[in-house]
There are 2 protein chains.
Amino acid sequence: MTTAERLIESMHTLLWERGYSGTSPRAVQELAGAGQGSMYHHFRSKAGLAVAAELQMSDELKHQITARLDSGSTTREKVAAFLTLDENVLRGCRLGRLVQDAAVVDDDSLRAPIAATFDWIQDQIRQVLAEGRRNGELDPNLDVDDLAATILAVRQGAYVLARGAQSSEPFRRATQGILQLLPR
Amino acid sequence: MTTAERLIESMHTLLWERGYSGTSPRAVQELAGAGQGSMYHHFRSKAGLAVAAELQMSDELKHQITARLDSGSTTREKVAAFLTLDENVLRGCRLGRLVQDAAVVDDDSLRAPIAATFDWIQDQIRQVLAEGRRNGELDPNLDVDDLAATILAVRQGAYVLARGAQSSEPFRRATQGILQLLPR
DNA sequence: GTCTATATGATGATAGAC
DNA sequence: GTCTATCATCATATAGAC
């Protein structure tokens, strides 16, 4: 891995763990084993490096989500796979946690990659739901745009509850709760 | 208002706006019109003042939620009232946003009031749902514990999506999406 | 109870040598 | 490309006078 790649990787890890405001350039440099000058040679600023890390987050997330939404055979199975517990729920969603940070929301270059990824995810879910509606698996009267937003919101909110409780139980409950409303 | 009350009020405002890590004692003092020494006379630390502010947040939130859950006549109306758009969705949930901050989650005295409030809210929703099930408004096979977690998660997640998009539209969609799954 | 002074370390970045 | 030195500012308090 090049120094630039290690810096991005380290920023990715720390953004997930400590958030944007909670991550100092110094901490990133230490984790990457790079010096002060090195970081500022490859990136204009902390925000510039963070944007690069966000793009990596987005890429990884898209691959994971595609794999999950493709995994089941029925609509319900696909949605269930999307909502299924991660290895480590308490870490939260790496993108979702960032939007709580005012420094991120106030800087469009930092916020835009997150917004775009959320849009992409909702659209993937919407397509799965739309197919289910065509198949007759779902009620033809359902608004699949709204329901796609709901399903993503359940996942994001489930992370919030799990972090508050420091337990994965609320995550499991919240995701089970929506699944019981979808026809088998 | 006493100085202590103004300090709590100011911390409340800034926690909501900037989060815990993003709020400095100095900023709180300025907003409250109090000096450095004054703050540390009334509170042991930044964390101590933040706990006091969290208790105020919790109190206000409980009153608002009670009012909403009591407002409708049917189960669906009550849930809809709970999920209804706030004046300013983009601010997010004052408690939900705090749990994304590692400094909050790592300090039990800061996390506990949030966890307790989330538990309280879920229990209130659960009671509304349980009554609806007894009434025959809801399917008797529904797990109301899970569904209560889902409904709170939708609200929390809807805030996350709205902040990401810097628009209240995803909030509206996500909440409508779950309501269309509840029987009329 | 409130004020000013002071302390210690971190933050985010720049300068310039190598 | 990477390193060390340096910088101004801020964060989170503590000390002690008034």
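This one's a predicted model, so the numbers in the text were calculated from it and none came from an experiment. Just so we're on the same page: letters track the sequence lines, and every chain starts at 1. For the numbers below, each heavy atom of this structure counts, side chains included, while hydrogens, waters and symmetry mates do not.
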Exercise. Taking 4.0 angstrom as the limit, do B/Arg126 and B/Asp146 come out as a salt bridge?
Worked result: no
A/Leu110 atom CG is separated from C/dG12 atom C1', nearest whole Å, by 14 Å
Nearest heavy-atom contact between A/Leu110 and A/Val104 is CB-O, 3.9 Å
Whole-Å distance, A/Leu14 CG to C/dG12 P, equals 12 Å
Given the options B/His41, B/Gln29, B/Arg26, B/Gln36 meets side-chain hydrogen bond (donor to acceptor under 3.5 Å, both in side chains) only with B/Gln29
Between A/Arg94 and A/Glu54, is there a salt bridge with N-O shorter than 4.0 Å? no
Readout for nucleotides 2-18 of chain D: B = base within 4.0 Å of protein heavy atom, S = sugar-phosphate only, - = neither; 5' to 3' it is BBBB-----SSBB----
dist A/Thr150:OG1 -> A/Leu129:CG (nearest 0.5 Å) comes out at 9.5 Å
